[in-house]
Amino acid sequence: MKPPKFDYVRAASVAEAVAVLDANEDSKILAGGQSFVPVLALRMAQPSVVVDINRIDGLSGLEQLADGTTRVGALVRHYQLVEQRQHPLLASGARWIGHTAIRSRGTCAGSIAHADSSAELPVLATALDATVHITGPASTRTLAVEQLFQGAMTTALEENEMITAVDFKIAERWGFAEFARRHGDFAIVLAAAAEVDGELRVVLGGVGGVPERAFAAEQEYGAGGPAAIDRAAAAAADQINPTADLHGSVEFRRDITREMVRRALTQFSTAKAS
Amino acid sequence: MRTQFTVNDAAYGLDVEPRLTLVDALREECGLTGTHVGCEHGVCGACTVIVDGQPVRSCLMLAVQADGTSVSTVEGLAAAGPDGEVLHPLQEAFVTHHGLQCGFCTPGMLMSALHLIETETDLTRDRIREEMSGNICRCTGYQTIVDAIESAAATMSSQAAVR
């Protein structure tokens, strides 16, 4: 299908973008458009105004802060995450996002704002204790990504706010595993394990409305011993409460979750601390 | 909205509605119907074109977003020769290796494959399969498509060596 009619504004600055959002009810930001344009084509959204932020200067930066944190500007494309060398987990995880033609347009901040729990970046952001920089018409604020995600494709962003950057902490060690029917499709289940600030964080995607932290798995792994990974994987599978859909039953998702956590933690356990 | 871009080095100036996608602009406004409209939500890859050197789904980009860009489509692959058009080595390879059946997916396959060959230094069959996973062939002729791309890459690198 074709997108519905809308007015189009090519914003020249963040201030202009949020001013347009503020002045128009049901207005939406267009960044990479790799999720938003399908939403338009399927008429799941019929915005009054589409605010294109692609020509705003200063949002394409990828920088390493003094503490190793990687700051990713709102217009950094997925392929740039794959190619950068500052943050190996982000590069490795981003390879799983869509296909080349998707990665060349799709943006990191757009994926975070879209908040699909079966997408890679929301899960990686949660595993890496990410901080989101947000600008509204009157002020700016930062929010921990776990506070941003409120439900399936629902965030704490106000209608007149936009994400300008996302800070990903560096992972001292990590593991990442994903299962999809076709490489590049949305995951059935994905799992990330990351040691951030000396703490293990195991996060699951595709098993609920938001990326879910597998606390029980973290504890079981932390207890150590010969079967720690298997116990952690079983704990993660027990913790989740997935729903069945045409891609698989509840039991199938539990089995895949167990295996993805096992793979992520196996990779984690054999990784050298950097 | 006034929008200007080049397609295969020819300049186009169009007045388009903002909701018009790039693929529809190419086909209906520019008259370049080589690029195909498949799923219209970014899954099938039939509409893949190159914009400023990057492969994109032209069904997921608005024509107004292409303002000021340089677009390459399947029409730009064949070159003028003394006896008419000469097919690109990729197109030749798709013919030789039966890399097309109904041909619907072919324009997108060719543009994805072109970007792959031009950017990948270690082109293995696995790498070709991984990259081409973004393009669906409804005739499921994948084996011969991989054969064709592998063969075209060899031809193109030997041609480059001669030059």
Side-chain angles (χ1 to χ4, degrees), chain A residues 1-11 27-56 75 77-80 82-83 95-107 110 114 180-186, chain B residues 1-3 16-25 28 37-69 108-109 111-116 118-120 126-136 142:
Chain A
M1 282 212 302
K2 310 296 181 189
K5 273 183 183 266
F6 49 76
D7 289 331
Y8 173 85
V9 175
R10 186 181 291 152
S27 46
K28 285 277 178 213
I29 288 177
L30 169 61
Q34 302 302 287
S35 297
F36 182 49
V37 177
V39 162
L40 291 175
L42 296 166
R43 305 284 173 110
M44 288 158 71
Q46 305 206 12
S48 59
V49 180
V50 167
V51 185
D52 184 352
I53 63 167
N54 282 278
R55 307 277 170 120
I56 299 177
L75 288 177
R77 315 281 164 175
H78 302 321
Y79 81 91
Q80 293 173 283
V82 174
E83 289 175 357
R95 274 189 74 88
W96 287 83
I97 303 172
H99 308 281
T100 300
I102 304 283
R103 292 194 292 271
S104 63
R105 296 283 304 161
T107 65
H114 188 58
R181 294 279 183 197
R182 171 176 70 145
H183 180 87
D185 284 356
F186 278 109
Chain B
M1 186 169 175
R2 188 70 184 164
T3 300
V16 297
E17 265 195 87
R19 66 174 176 154
L20 190 76
T21 58
L22 177 60
V23 67
D24 284 337
E28 293 167 18
V37 186
C39 68
E40 294 198 294
H41 62 276
V43 175
C44 77
C47 68
T48 305
V49 299
I50 311 283
V51 177
D52 287 343
Q54 297 280 344
V56 307
R57 302 280 206 239
S58 56
C59 75
L60 296 188
M61 186 168 174
L62 302 174
V64 292
Q65 292 189 285
D67 189 48
T69 67
M109 289 282 180
M111 300 317 283
S112 290
L114 180 71
H115 179 262
L116 174 66
E118 287 181 343
T119 56
E120 179 59 68
D126 280 350
R127 183 72 190 89
I128 295 171
R129 285 188 178 282
E130 180 191 7
E131 190 78 358
M132 299 309 292
S133 67
N135 292 69
I136 294 173
Y142 297 107

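Here is how names work: the chains are called A, B, and so on, in the same order as the sequence lines, proteins then strands, and each is numbered from 1. As a basis for the values below, the full set of heavy atoms in this structure was taken, side chains included, without hydrogen atoms, waters or symmetry mates.
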First locate atom [atom1] of [X], then atom [atom2] of [Y], and finally report the distance between them rounded to the nearest 0.5 Å.
X      : Y      : atom1 : atom2 : answer
B:H41  : A:M1   : NE2   : CE    : 11.0 Å
A:F6   : B:L62  : CZ    : CG    : 5.0 Å
B:R57  : A:H99  : CZ    : NE2   : 6.0 Å
A:T100 : B:E120 : OG1   : CD    : 9.5 Å

Counting only heavy atoms closer than 4.5 Å, note whether [X] contacts chain A via side chain, backbone, both or neither.
X      : result
B:E40  : both
B:S133 : both
B:V49  : neither
B:M1   : side chain
B:D24  : side chain
B:C39  : neither

**Item:** SB check A:R95 B:E130 (cutoff 4.0 Å)
**Value:** yes
**Item:** chain B contact via A:Y79 - side chain, backbone, both or neither, heavy atoms under 4.5 Å
**Value:** side chain
**Prompt:** Between A:L40 and chain B, which part of the residue has a heavy atom less than 4.5 Å away: side chain, backbone, both or neither?
**Reply:** neither
**Close side-chain approach of B:L60 to A:P38, heavy-atom, < 4.5 Å** =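 A side-chain contact under 4.5 Å exists here.
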**Message:** With a 4.5 Å cut-off on side-chain heavy atoms, are B:T21 and A:P3 touching?
**Reply:**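 The answer is yes; the side chains approach within 4.5 Å.
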**Prompt:** What residue, out of A:R77, A:R103, A:K5, has the most heavy-atom pairs lying under 4.5 Å from chain B?
**Reply:** A:K5
Would a distance-only check, ignoring hydrogens and angles, find a side-chain to backbone donor-acceptor pair under 3.5 Å from [X] to [Y]?
X     : Y     : result
A:R10 : B:V64 : yes
A:R55 : B:Q65 : yes
B:R19 : A:K2  : no

**Request:** For chain A, find which of B:Q54, B:E131, B:M111, B:E17 contributes the most heavy-atom pairs closer than 4.5 angstrom.
**Result:**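 Between B:Q54, B:E131, B:M111, B:E17, the count favours B:Q54.
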**Prompt:** For the residue pair A:R182 and B:I136, what are the closest heavy atoms and their distance?
**Reply:**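 Looking at all heavy atoms of both residues, the shortest contact is NH1-CG1, 3.2 Å.
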**Message:** How close do A:I102 and B:G42 get, counting heavy atoms only, and between which atoms?
**Reply:** CD1-O, 3.8 Å
